[in-house]
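Only a predicted model underlies this, so the values are computations on that prediction, with no experimental measurement involved.
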Amino acid sequence: MFDTELSYFIAHQNELVARHHGKTLVIRGEHVEGAYATPLDAYLAAQKQFALGTFMLQPCESGPRAYTVTISSMNL
């Protein structure tokens, strides 16, 4: 669903982290539409401008932990 946005983030992660470390990014296609202090701020701003389902919120952190989720059966 957000293959383009995630691929863009991974390909540009180092430069994005250098500019926006610790923020939450709003990404549409291959464009960063904004960088916000919190995920809630990012969501509230994005949903005013764009239809739901047309943007991705991405924590701007280094490494694969920024875009990887591990789910264990012990957590269920």
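Using bins of under 30°, 30° to 60° and over 60° for the plane-to-plane angle, the ring pair Phe55/Tyr43 lands in the tilted bin.
Grouping the Ile, Leu, Val, Met, Phe, Trp and Tyr side chains by contacts below 4.5 angstrom, directly or via other members, places Ile10 with Val32. Hydrophobic clustering keeps Met56 apart from Leu44 (ILVMFWY residues linked when any side-chain heavy atoms are closer than 4.5 Å, directly or through intermediates). Leu25 and Phe50 are assigned to two separate hydrophobic clusters, defined by single-linkage of ILVMFWY side chains at heavy-atom distances under 4.5 Å. In terms of hydrophobic clustering, with Ile, Leu, Val, Met, Phe, Trp and Tyr side chains grouped at heavy-atom distances under 4.5 Å, Leu52 and Phe2 are assigned to different clusters.
Side chain of Glu5 to main chain of Gly29: a donor-acceptor pair is present (N/O by atom type, distance under 3.5 Å, no hydrogens or angles). Although no hydrogens or angles enter the test, the distance criterion places a donor-acceptor pair under 3.5 Å between the side chain of His12 and the main chain of Tyr8. Thr68 contributes a side-chain N or O that, together with a main-chain N or O of Pro64, makes up a donor-acceptor pair within less than 3.5 Å.
Residues Val26 and Leu57 meet the side-chain proximity criterion, which asks for heavy atoms closer than 4.5 Å. His20 places none of its side-chain heavy atoms less than 4.5 Å from the side chain of Val17. Within the 4.5 Å cutoff, the side chain of Gln13 has heavy atoms near those of the Tyr67 side chain.
Within 6.0 Å of atom NE2 in His31, 12 or fewer heavy atoms from other residues, nucleotides or ligands are found, so the atom counts as exposed in its surroundings.
Annotation for Thr4 and Glu30: closest pair CG2-CG, 3.8 Å, computed over non-hydrogen atoms. Contact between Ala66 and Pro59 at its shortest, heavy atoms only, is O-CG, 3.8 Å. Contact detail for Pro39 and Thr24: the closest heavy-atom pair is N-OG1, 3.4 Å. Closest approach of Gln58 to Leu6, counting heavy atoms only: OE1-CD1, 4.2 Å.
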